[in-house]
Amino acid sequence: MADKKLIYMDNAATTAPDPRVVEAMLPYFTTAYGNPSSGYSLGYAAKNAINTARETAAELLGARPEEIYFTGSGTESDNIALESLRLSGKRQLVVSAVEHPAVLKKAEQLEQEGFRVTVIPPDREGFISPEALERYLTPDTGMVSVMLANNEIGTLQPIKLLSEVAHKYGCLFHTDAVQVFGQLPISVDELGVDYLSASAHKLYGPKGVGLLYARYGVPLVGVIRGGGQEYGVRPGTENTAAIAGFGKAIELAALEMRQRAAHEHKLAVHMTRRLLKELKGVCLNGPEVIGTEVNACFDRNRLTELKRLPGNLNFCFEGIRGTSLVIRLDMEKICVSTGAACTAGHDRVSQVLTAIGLSEAEANSSIRITLGKDNTPAEADYVVELIRQTVEELRILNN
Ligand code: PLP
């Protein structure tokens, strides 16, 4: 029997590098290997590649190239943004309870050093409302950090309204846009953010490279010390190949974004309809999937109407363990997850699902399916069918 083909539906964890991205990276391993800081042609070629990627990133965000800093990951970008609180002259940091550990753990570190950290609980769908945020702001709030979209349940926060509230109180505003950059249109001016984090491996680019947008003139301090690369904010010889690959991934995302989002949304709606109809004891965690108009969000002003990332699904299946389902699907070469990749291997209950009000049992009965540009309708149907069968079998075994 021929080997089964792998079906990858964990695109929020990482994406498969696009072959066009890999091709764009190759010269920086073979012929154009110069140090970007070197003062001769081989170095200039590497520097040019970095600057081209910077311009491409800036264009997609509606920013200036000088406002883009390449980093080693989305995690590092989040850390640098929060580190900059130290220069604000204020002592309070406000974050949402559904942030990625890159924000929550950095906040914990700042708290241990004497800063006051306030964590805002979300509502049932994972949203933080402007009214809720305002209740926590004080004259001593230096920074607010709320993610653009959640990595587990896809909730898209009303960042424009949240940043307006934060600015009314004179605080800086950071958003972790790692799950959104390259998936949906983002304008830093429309969102009104001071800092924004992104990561290449979520948009079919390489792992180990991120970017931080920092609005011109805002306080900014890196977490490591060294040479003058990336304006001194992220010292260390640049990973030229990865940055060039990131640039290519951004260029492709800009061209294909609308089509990718519409495709993923269509598959997500189809899978949701089938699972809710064909299985009992299933519920969708997070905002609605069915009934949203993804195409409309591409008219710039209507992005705010979209409540959930197009390819994100998260279901609770009563009476089974999510980890058992993930393992059984893996045996069929299907990759889905129980939650964030950084905690999935640790069998810890999802803090995001419990923060939106699920019980521990419900959170442990949930799985995340995140669709990507290369998933097909046939794969979607096959995965639904296998989930249906496996959940029924697991329920019988558990009884
Ligand atoms: N923030 C969010 C919302 C994420 O989903 C991730 C990755 O899963 C990160 C930050 C960290 O990005 P990186 O893997 O590049 O460190």
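Side chains are part of it too, since the values below use all heavy atoms of this structure and drop only hydrogens, waters and symmetry mates. As the structure lists them, so they are numbered: ligands from 1, and atoms in each ligand from 1.
The residue among D176, T75, V209 with a heavy atom at the shortest distance from atom 1 (N) of ligand 1 is D176.
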S365 vs E318, test: side-chain hydrogen bond (donor to acceptor under 3.5 Å, both in side chains). Steps then yes/no. CA-CA 6 Å; S365 299; E318 218 177 277; over 6 Å; no
Applying side chain to side chain contact (heavy atoms under 4.5 Å, CB included) to E164 and L161, what does each step give before you reach the verdict? CA-CA 5 Å; E164 272 169 17; L161 302 177; 4.1 Å; yes
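The two residues G322 and T338 come nearest to each other via the heavy atoms C-CG2, 3.5 Å. The shortest non-hydrogen separation linking E332 to K4 is OE1-NZ, 2.5 Å.
Taking a cut-off of under 4.0 Å to the non-hydrogen atoms of S73, the atoms of ligand 1 that pass are 15 (O), 16 (O). Close contacts between ligand 1 and S199 involve ligand atoms 13 (P), 15 (O) [criterion: under 4.0 Å to a heavy atom]. Heavy-atom proximity to H201, at under 4.0 Å, picks out these atoms of ligand 1: 13 (P), 14 (O), 15 (O). Under a 4.0 Å criterion applied to the non-hydrogen atoms of N151, ligand 1 contributes the atoms 3 (C), 5 (O). Against a heavy-atom cut-off of under 4.0 Å, M147 is close to the following atoms of ligand 1: 3 (C).
Scanning for ring-ring contact (aromatic ring centres under 6.0 Å, His included) contacts around F173 gives an empty result, with sequence neighbours left out.
At a heavy-atom distance under 4.0 Å, only side-chain atoms of K202, from C-beta outward, approach ligand 1. At a 4.0 Å heavy-atom cut-off, ligand 1 does not touch V103 at all.
In terms of N/O distances under 3.5 Å, ligand 1 is approached by G74.
Of the N and O atoms on the side chains of E76 and T71, not one donor lies less than 3.5 Å from an acceptor on the other residue. A side-chain donor from one of E134 and Y169 sits under 3.5 Å from a side-chain acceptor of the other.
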